[in-house]
Amino acid sequence: MTNHLDRKVSTIVQLALDQNELNGIVRVLKVIADSLDACCCILWETDPWVDTKADPPTGNLYVFARWICDEIEMPLKELPIDSSINGLAIVTNQTQKTADVRDNKDAYTRHNWIYDEDMTSMCAVPIKFDSEIINATLSVYRRLNVNPFTEEEQKFIEQIALLIPPLYQAIRDKVGRKLLSEINEIIDKAEMQIKVREKEETSVSQLTQPDSKSRSENDGLTEVTKALEDICLKVAETFQCVETSLFLENKLENENQFKLVATNFDDWTSAKKTYSSERDSNHLTGWVLKNQTPVNIFDLGNFEKDKEKLQEKYHDINWKDSLKIKRAAGQILNLPVDDNPTLSFMAVPIKKGNELLGVIRCCTAMKDPWFFADRQLDLLQMVAVQISRFWSWALQHLEEKKEIKVWETFIKKISELNAKVQKRIDKSDVDEEELYRQILELAKSSIKNSDILSIRLRDDKTNQLYFAKIHGLKKKLSKVEIQTRETKRFSLEKSCNKNVPLGVLVFQEGVGRSVMNADLENYKSETFPETKRIIITPIGIQKEIQGILDIRGTSDKPFPPHALQMATLLGQQLGLYLSLWESEKQQRQVFEDLFHQTKSPVRQIFARTLDLLQSIDYEKWDQSNDEIIVKIKDKTLMLRGVARKAQKVIFNAGVFKELSNDGKLKLTEPKIKRLLFNETIKLLIEAFQDTKLLLDSSQNIKFYVERNGLKQLDNIHVKVDMDFFEQAINCLLDNAGKYSFENTTVRISAGEVKKDQNQYFSFAVNNEGFEIKAENINKIKERYYRGVGAKDSTGEGSGIGLWVVDHIMSAHEGELDINQTDSNGRNEIRLLFPISGR
Amino acid sequence: MYILIVEDDEPQFNLVKSGLEKLRSFSNARIERIATEFDFQKKIEKIAIEKPDIIIMDVMLKWTFPSRVMPPSPGDMDRAGIRCEKLLSENEETKNIPVILYTVLSKDDLNNELPKRTNVKYLDKDFNANTIAKEVFSLIS
């Protein structure tokens, strides 16, 4: 061989190794052609059905790759093996060289296109192209004005022909590695984007309220879909095909529905975007899904002709000729109207172990080769493995996110329910039916595929479980049937009967025994025969079981994985609510009992003390007994003071009870009287005398009543409930005395006043003691509020005094008016009573 | 004879005092009162010098009387008497003074907080002056 041809070999090899795409083989063919001053260099390959042993041989050769110089047109894509020089080379396994193809008219003359293009000489070398048998030729063509191929040139072509298969293999491997690497990058990038986005979402939701509105609307598949689309683009680019599409199953949405998730193809004329492996096996894609077998079909246009052979290879495969697809492909490929494009097709199932995830398909090669080789099918299977991993990860990730969201929603709803129940318990306003309804609704919304839900509680008297609430009974049941079910009861008596209802079993076995139907064998429900699956969990905490929560599914759809845990939590939560409610009821009952028990004795002490004081006629006593008389009087007054204080405490307890139950006080009609000066002054003086008696004498607190304003009472009508009025006065005086600084005076005054355009009669208690700040004025009237220093300086009190007085004044349609400490350090608290007449 | 009564309720103090004075042994006794925990803390040194023969200690004591500047309180007024007794037992001069913890709180209420020294006695406050007087007598004699 001449030196320049030698050099060409290394050039060709280097060029081939530099190629990054399958089409790069064309550049190699160009260099071969240029080296030989040829106008055309073609790689011919046999189709799958070629039979070289037959007589005559059957099958076709097709163009695998070609380089043709610009002046030449080559419309031909295939040649019959039995009447072409290339076919002869394959059948004989010998190089076929001819100076003029027209010389071989009789035998292999299907080269009209060569005549038309003024190509005369050609050299076709048979090669094994990715096969154990000869199945291809490297053919080089020269034009009329160039000499025929020499022996040397033939040897060169033969040498190159031997190199073509490994060189193409190298290109293919490189392209394959590049494709897989790019797909990996796409996948890694998508996974990273998802993680970053989720991290950002978590940070945002921690800064703001944990509200679903603050999270993005992204359902988690956006990045995945985009990545899969990019993969389709890369695959289509690599395999040089019109369409690459991915159909995948998302079990979280629908089972056995393989939807179009990604494609590079914009124009869907067939519009089938979903396949079922059961129902669509008469479609090629559906067949692949059902049989989970890769498919490579040479040309769908020859389907009917090749059907027998195809069905031998792919059992029962079928395809309906659709003119639409041919036309669409023709348009895209810019072919003449009557030129049917080659409809090559390959599809590979995407699997994870034995589990089918979907299918990837490539359709309609756009250029040489117009067909997909099995070697490309191998590469597509590797792509399918990568997609399988990615999609599995995405679905698992989505499922985890969904699970987290389900739990977050569940916890949020539990928190909201806790707050509502707490509020109701505080107000002693629990609606039992409503509580059960909310628990069952929460269970239904959290546990998917739960259809019939019920709460059964224990009836202590009859030792039975009864239905407190059933949710989800079908409307198509008759009223009688519904009633029969709702009123059914279950005995909790231990018995030898083996067929103990499941609910009774769970109840009797106590805490922790939540059951899902996986624990059962052949479970049949008499009460709910439509039950397909069941969860039963105790209502209660630790050993205090109050009933059972019963959740049933009536369809074939399973409960979600979190069902048992959620049901168990709900059962405990309901148990807690019921326990708290019961405790609150008991506490109220105890309080009421104590109140009733102490009320009478205290009242009696006070009444008898008053009676004692009134019945002693001091003037009748002997003068020599003055000291004793004084002592008796002092001690009786002290007794009255103590009794008054006890009465005040008991009265407050009674008011507290009433306000806790009803929320407001009602005036007692028989006790409503008009205030008159004499009675009122007497009451005030006795009240402050008693208050002073109980104060520490070391503090030297004085009391003073201004009478002038009080005299107005005889000219106006102020009506009060006398018990409430006395209680309010006692409370203000008691506070004033307790919180006054030493050596100060508590002043009581009264009179008509105007406030906010209204006329009132005011009783004012004025003292010098702990500061009342403006910002605390409303707080002071709140139940349980104790001012700064209050408990330290008195050692007693519950913080409900002014709260009671505030309600007393509201009951009178008056007002408890508290003013902040003035510039002289004095506080004033007023009872404002409405004036009902003059 | 010097008897110190730590009691924030004046009528209660008067009751105890009159009960003591009825007994011949205490008819001429010097009976004094400290009304608050804060006051007790201020007078601990004086107690160390004057050394009462016995201290009758209420347990639930107010911290101090209302004033324009309230000293910060140690917290739980229900254990004021226990804190006061601790001051006595930590002082060499006062640790041997017998103390009666006179309170409405039960022994169970006080639990592990009852002082360990042998000259401290717990007495349930039954508001009967004779009871306390007899107890004082038996401790001193």
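Keep in mind the model is a prediction, meaning the values are calculated, not measured.
Shown here for A:Asp792 and B:Met70, the closest heavy-atom pair between the two residues is CB-CE, 4.1 Å. The two atoms that bring B:Phe65 and A:Ser793 nearest to each other are C-CB, 4.1 Å, heavy atoms only. Of all the heavy atoms in A:Asp696 and B:Asp8, the pair that sits closest is OD2-O, 3.5 Å.
By the neighbour-count criterion of 12 heavy atoms within 6.0 Å, atom NZ of B:Lys51 is densely surrounded, having more than that number from other residues, nucleotides or ligands. Sparse packing is recorded around CD of B:Glu45, with 12 or fewer heavy atoms of other residues, nucleotides or ligands lying under 6.0 Å away. Under a cut-off of 6.0 angstrom, the local environment of OH in B:Tyr122 is crowded, with over 12 non-hydrogen atoms contributed by other residues, nucleotides or ligands. Counting heavy atoms of neighbouring residues, nucleotides and ligands inside a 6.0 Å radius, atom CG of A:Asn743 exceeds 12 of them. Within 6.0 Å of atom CD in B:Glu92, 12 or fewer heavy atoms from other residues, nucleotides or ligands are found, so the atom counts as exposed in its surroundings.
Put simply, CG on B:Asp9 and CG on A:Leu695 are 10.5 Å apart, with the number rounded to the nearest 0.5 Å.
Only the side chain of A:Glu768 comes within less than 4.5 Å of a heavy atom in chain B; its backbone stays farther off. With a 4.5 Å cut-off on non-hydrogen atoms, A:Ser740 touches chain B through its backbone but not through its side chain.
For residues 22-35 of chain B, the interface with chain A (any heavy-atom pair closer than 4.5 Å) comprises B:Arg33, B:Ala35, sorted by residue number.
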